[in-house]
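As the structure is a prediction and not an experimental result, all values here were calculated from the model. Per chain, numbering begins at 1; letters A, B, ... match sequence-line order.
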Amino acid sequence: MLQENIDMFDLVIAEVHMPDMDGLKLLELVGLEMDLPVIMLSAHGETELVMKAISHGARDFLLKPVRLEELRNIWQHVIRNKESQFVWSVELHRKFLETVNQLGVDKAVPKKIFDLMNVENITREDVATHLQAFFQSFTL
DNA sequence: CTTCTAATAT
DNA sequence: CATATTAGAA
C-alpha cells in the first residue's frame with residue numbers, strides 16, 4: 001500500500017513483531033524509499049529493542065497499550081511538520097494593508113480582504129488571524 | 001450553510 | 001511573539 005500510494009500516508013505506526021516482515025526491516029525500507037515518519041509499536045519495552053528501533057530511524061517508540069493521548073501528541077507533531085506555518089512577509093503585509101485601506105477599515109472583513117488580495121497559498125483563516133492580530137496591535 | 005470574531009491554544 | 005484553531009454568534 002505504501003509503495004503504491006505514498007501520498008496518501010503521513011505516518012506509519014508499525015508493530016515490531018510481525019508475521020512475515022520484521023518491523024525493523026519495514027522501518028529501514030520506509031526510511032530509505034520514502035520520507036515518512038515511522039513509529040514502532042511493541043508490547044515490550046526492552047531497552048535493547050527500543051534503542052535498536054530508534055537507531056534504525058524510528059521517530060518514536062510506543063508501548064502497548066497505547067494511550068490516546070500519546071497518539072494525539074504524535075499526530076499533532078506530524079501535522080505540524082507536514083504543513084509549514086504561514087508567514088507574513090513584508091510584501092504580503094503591505095498588500096494586506098493596501099487592501100484594507102482600499103476597502104475601508106470598517107468594511108475590511110477577512111473574506112473580502114482574502115478575495116481582493118488574491119494570493120496563492122493563503123487561506124481566509126490566515127487573513128482572519130492576521131487581521132485580528134493587526135487590530136490588536138493597533139489598540140496597544 | 002458560510003463567515004466573523006473573540007478567545008484560546010500552540 | 002506570530003500564527004492556528006475553536007466556539008459560538010451573526
Side-chain angles (χ1 to χ4, degrees):
Chain A
M1 285 174 72
L2 276 173
Q3 283 171 338
E4 287 172 11
N5 258 318
I6 305 181
D7 293 343
M8 295 195 60
F9 301 92
D10 297 320
L11 171 70
V12 175
I13 300 181
E15 163 66 51
V16 181
H17 308 289
M18 291 194 291
D20 34 287
M21 186 187 294
D22 187 310
L24 292 178
K25 277 194 188 124
L26 173 70
L27 180 59
E28 278 183 13
L29 265 174
V30 173
L32 217 57
E33 299 185 9
M34 43 199 89
D35 181 30
L36 276 184
V38 177
I39 287 151
M40 293 309 254
L41 185 66
S42 168
H44 314 290
E46 306 137 32
T47 327
E48 187 194 338
L49 189 59
V50 176
M51 285 182 48
K52 205 170 183 177
I54 297 293
S55 66
H56 279 236
R59 278 303 170 85
D60 206 341
F61 199 101
L62 291 183
L63 288 184
K64 292 184 188 175
V66 181
R67 291 180 314 155
L68 188 61
E69 208 177 74
E70 298 177 286
L71 206 56
R72 197 169 186 251
N73 282 339
I74 286 172
W75 177 253
Q76 289 190 330
H77 284 149
V78 171
I79 292 300
R80 175 155 318 172
N81 294 337
K82 181 181 153 65
E83 296 161 5
S84 56
Q85 168 165 295
F86 191 88
V87 57
W88 284 88
S89 63
V90 193
E91 309 92 77
L92 256 190
H93 183 63
R94 236 191 68 255
K95 194 161 184 174
F96 167 81
L97 285 183
E98 280 179 11
T99 312
V100 171
N101 281 334
Q102 181 182 335
L103 280 167
V105 188
D106 44 334
K107 287 297 173 191
V109 94
K111 179 72 158 45
K112 293 180 181 170
I113 302 174
F114 168 72
D115 290 341
L116 225 56
M117 282 182 72
N118 186 236
V119 176
E120 292 271 325
N121 299 327
I122 198 179
T123 72
R124 195 190 61 81
E125 306 295 284
D126 292 327
V127 176
T129 298
H130 193 58
L131 188 67
Q132 177 171 0
F134 176 61
F135 279 143
Q136 212 161 76
S137 75
F138 195 70
T139 62
L140 283 185

Figure out the CD/P separation between Gln132(A) and dA9(B), and round it to whole Å. 14 Å

Side-chain contact check for Thr129(A): nearest option of dT5(C), dC4(B), dT5(B) is dT5(C)

Nearest whole angstrom, please: distance from the P of dA6(B) to the CD of Gln136(A). 9 Å

Listed nucleotide nearest any side-chain atom of His130(A), set dT3(C), dC4(B), dA4(C): dT3(C)

For atom NZ of Lys107(A) and atom P of dC4(B), their distance in whole Å: 12 Å

Residues passing the salt bridge (charged side-chain N to carboxylate O under 4.0 Å, His left out) test with Glu28(A), sequence neighbours excluded, are none

Please say whether more than 12 non-hydrogen atoms of neighbouring residues, nucleotides or ligands are located less than 6.0 Å from CD in Glu46(A). yes

Atom CD1 of Ile122(A) and atom P of dT3(C) are separated, to the nearest Å, by 11 Å

Heavy-atom side-chain contact between Phe96(A) and Leu92(A) under 4.5 Å: no

5'-most contact on DNA chain C: Glu125(A) or Ser89(A), nearest heavy atom basis? Ser89(A)

Whole angstrom is fine here: how far is it from CG in Asn121(A) over to P in dA4(C)? 12 Å

Name the closest nucleotide to the Pro110(A) side chain, picking from dA4(C), dC4(B), dT3(C). dC4(B)

How many whole angstroms separate atom CZ of Phe86(A) from atom P of dT5(C)? 13 Å

Quick one about His93(A) and His130(A) (side-chain donor to acceptor, distance below 3.5 Å, no hydrogens or angles considered), yes or no? yes

Rounding to a whole Å, what distance do you find between Phe134(A):CZ and dT3(C):P? 14 Å

Using whole Å, report how far CZ of Arg124(A) lies from P of dT3(C). 17 Å

